[in-house]
Participant: 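The structure's right below; bear with me while I get my questions together.
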Amino acid sequence: MLDVKFICENPDAVKKNAAGKNERRAEVDKVVALNEQKKKLQLSVEEARTKINVISKDIAGLKKADPKSDVSAKQAESRAIGDGIKKSEEDMKALEKELDTLCMWIPNMVHASVPVKSNRTEKTWGEKAKFDFKPKPHWEIGKELGILDEERAAKLSGSNFLLLMGAGAALERALINFMLDLHIRMHGYKEVWPPFLVNRDSMIGTGQVPKMEDDMYKCEKDELFLIPTAEVPVTNLHRDEILSHDQLPVCYTSYTACFRREAGAYSKDTRGMQRIHQFDKVEMVKFTHPDKSWEELETLTVNAEEVLEKLGLHYRRLLLSTGDMSFSSAKTYDLEAWAPGLDKWLEVSSCSNFTDFQARRLKTRFRDADGKVKHVHTLNGSGLALPRTVIAILENYQQADGSVVIPEALRSYLGGVSVLKK
RNA sequence: GGAGGGGUGGCUGAGCGGUUGAAAGCGCCAGUCUUGAAAACUGGUGGGUCCGCAAGGGCCUCGCGAGUUCGAAUCUCGCCCCCUCCA
């Protein structure tokens, strides 16, 4: 969330920013008004508390000098003050809670470099694969190869679940290991294997709750959520912690399954493996010094791009416009891989700088070289989301005979297999 | 699930109703000493928030929440987490 002080000092900028992100629930004026009210109340409550504290110390002094001294008058006075502020204290707590809730619906400020109108293609790598036959969509390729079983997936769990068999399952596993190894060995990330179920505090910390709560799988009985991305547990690693400036940046990479209800998602664009309730993803998360987060966003994005390049997949990098960005992000690049069978671009990675927006909720701070405690900046990016990467591989590397060539970089992870055949 | 033990500052660990935001040690920072370093010695060293131009001051904070009290790290109740033993 944003700093209340910042909101109150820049209400117009915050409003304009929220409007740009289509956040109609951001009630900026109300925040400013409530904050004023709260400060007044706080002052009066604190003054009363001071009086009570002074009287208590008086009594302590008197009792020490003479245990039998009569302090009933002072006790009565203090009690009266206490009774008097009881209501104000309750009001203040209610105000604070309301203020906090309101602030949770105000989105992060976007960076000046973010376009307002439409997404901007920043770069394109590779070229569209050429076929002397009509390229098939991945669900046909997968079915014919016997590695993708949509009917049984539906039997087990319902629509939009994935069931991979044989080489399909192996391909999934190979990709996970390939991506993790790349980020760990070449890009300097530390591997994390976190819980896939987290509590409400963690979901609030990274901002999925309250805004996206309906899109999350929840175990009511235990008040636990299935993670929608590794971002949640990994970014929460340092919740309520003060790091040291010399350990920044902290870079983690993490494989997890991800669970999303995709409530209200249209059947359009959901065919096959495009949008499923449970999918694998390798995520990168960074905690950085505020002065360094913008350059760290660039390297994070390049780290994700390298996965696509090593796999030889044609992709483009999009700089998202204000309207397409997430609630918590200050700047986001999307990486889209080309899927010839579907004849469209598929989002395989989203790399964002959240500046101090998450860190403030998480209370993840660091002690700077000047001794001051400040909020870190948090970043994350997919490196990559698996199912759509698999789509891209199947559709780009398909052959006329229905087989699929395995990208060179992946072969050692598949026991040397170079072609998937029936 | 049952029975115990425990959650205190960066760490170890005292405190168990009163000037305790919290002893002591370690660590860290600064200074003295030294050619330099180490050792020794001296001093400093949590976070949040509010008022204030500042200096400074107030309030909150000893797992979380409620309560008792003039006053709670200390007492009571509920919850969470960790450890040990039993099933």
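So you know, we letter chains A, B, ... as the sequences are listed, proteins then strands, and number each from 1. Note that these values count all heavy atoms, side chains included, but never hydrogens, waters or copies made by symmetry.
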Participant: At less than 4.0 Å, is any side-chain N or O atom of Lys64(A) found next to OP1 or OP2 of rG18(B)? Yes or no.
Facilitator: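 The answer is no; no side-chain N or O of Lys64(A) sits under 4.0 Å from OP1 or OP2.
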
Participant: Can you tell which of Leu171(A), Asn177(A), Leu175(A) makes a side-chain contact (heavy atoms from CB on, under 4.5 Å) with Arg173(A)?
Facilitator: Asn177(A)

Participant: Would you confirm whether Asn108(A), through its side chain, and Ser328(A), through its main-chain N or O, come within 3.5 Å as a donor-acceptor pair?
Facilitator: yes

Participant: Is any side-chain N or O of Arg367(A) closer than 4.0 Å to OP1 or OP2 of rG47(B)?
Facilitator: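 True: Arg367(A) side-chain N/O within range (under 4.0 Å) of rG47(B) OP1/OP2.
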
Participant: With a 4.0 Å cutoff (strictly under), does any side-chain N or O of Asn53(A) reach OP1 or OP2 of rC60(B)?
Facilitator: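 So the side-chain polar atoms of Asn53(A) do come within 4.0 Å of the phosphate oxygens OP1 or OP2 of rC60(B), strictly under.
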
Participant: In whole angstrom, what separates Glu47(A)'s CD from rG52(B)'s C1'?
Facilitator: 14 Å

Participant: I need the CG-P distance between Asn35(A) and rC51(B), as an integer number of Å.
Facilitator: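 So the two atoms are 9 Å apart, to the nearest Å.
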
Participant: Could you state the atom-to-atom distance from CD1 of Ile59(A) to P of rC70(B) in whole Å?
Facilitator: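 My rounded result for the distance is 8 Å.
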
Participant: Roughly how many Å is it from NZ in Lys93(A) to P in rU49(B), rounded to a whole number?
Facilitator: 18 Å

Participant: Considering every strand and a 4.0 Å limit on heavy-atom distances, what is the contact class for Ile55(A): base, sugar-phosphate, or nothing?
Facilitator: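 It contacts nothing in the nucleic acid.
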
Participant: Any strand counts, and the cut-off is 3.5 Å on both contacts for Watson-Crick or G-U wobble. Which nucleotide pairs with rA66(B)?
Facilitator: rU76(B)

Participant: Answer yes or no: is there a donor N or O on one side and an acceptor on the other, between the side chain of Arg260(A) and the main chain of Phe279(A), under 3.5 Å?
Facilitator: no

Participant: Between Ile52(A) and Lys63(A), which has a closest nucleotide on RNA chain B that is more 5'?
Facilitator: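 Its nucleotide being nearer the 5' end, the pick is Lys63(A).
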
Participant: Could you tell me whether Val373(A) contacts a base, only the sugar-phosphate backbone, or nothing, with contacts defined as non-hydrogen atoms closer than 4.0 Å?
Facilitator: sugar-phosphate

Participant: Has the side chain of Arg388(A) got a donor or acceptor atom that lies under 3.5 Å from a matching backbone atom of Glu347(A)?
Facilitator: yes

Participant: When you check the phosphate oxygens OP1 and OP2 of rG48(B), does a side-chain N or O of Arg365(A) lie under 4.0 Å from one of them?
Facilitator: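 So the side-chain polar atoms of Arg365(A) do come within 4.0 Å of the phosphate oxygens OP1 or OP2 of rG48(B), strictly under.
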
Participant: With sugar-phosphate meaning primed atoms plus P, OP1 and OP2, does Ser78(A) contact a base, only sugar-phosphate, or nothing at under 4.0 Å between heavy atoms?
Facilitator: sugar-phosphate

Participant: Consider the side chain of Glu46(A), meaning its heavy atoms from C-beta on, and name the nucleotide among rC70(B), rC59(B), rG47(B) that approaches it most closely.
Facilitator: rC59(B)

Participant: Checking all strands, does Lys74(A) fall into the base, sugar-phosphate, or nothing category for heavy-atom contacts under 4.0 angstrom?
Facilitator: nothing

Participant: Does rU84(B) pair with anything, Watson-Crick or G-U wobble, both distances under 3.5 Å, and if so, with which nucleotide?
Facilitator: rA3(B)

Participant: With a non-hydrogen cut-off below 4.0 angstrom, is Asp58(A) in contact with a base, only sugar-phosphate, or nothing?
Facilitator: nothing

Participant: Which nucleotide, if any, forms a Watson-Crick or G-U wobble pair with rC11(B), using both distances under 3.5 Å?
Facilitator: rG25(B)

Participant: OP1 or OP2 of rC59(B) less than 4.0 angstrom from a side-chain nitrogen or oxygen of Arg49(A), does that happen here?
Facilitator: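 No.
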
Participant: Side chain of Thr50(A) only, please: which of rC70(B), rU49(B), rC59(B) is the nearest?
Facilitator: rC59(B)

Participant: Please check: side-chain N/O of Asp100(A) versus main-chain N/O of Glu96(A), any donor-acceptor pairing under 3.5 Å?
Facilitator: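 Looks like no, no N/O pair under 3.5 Å.
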
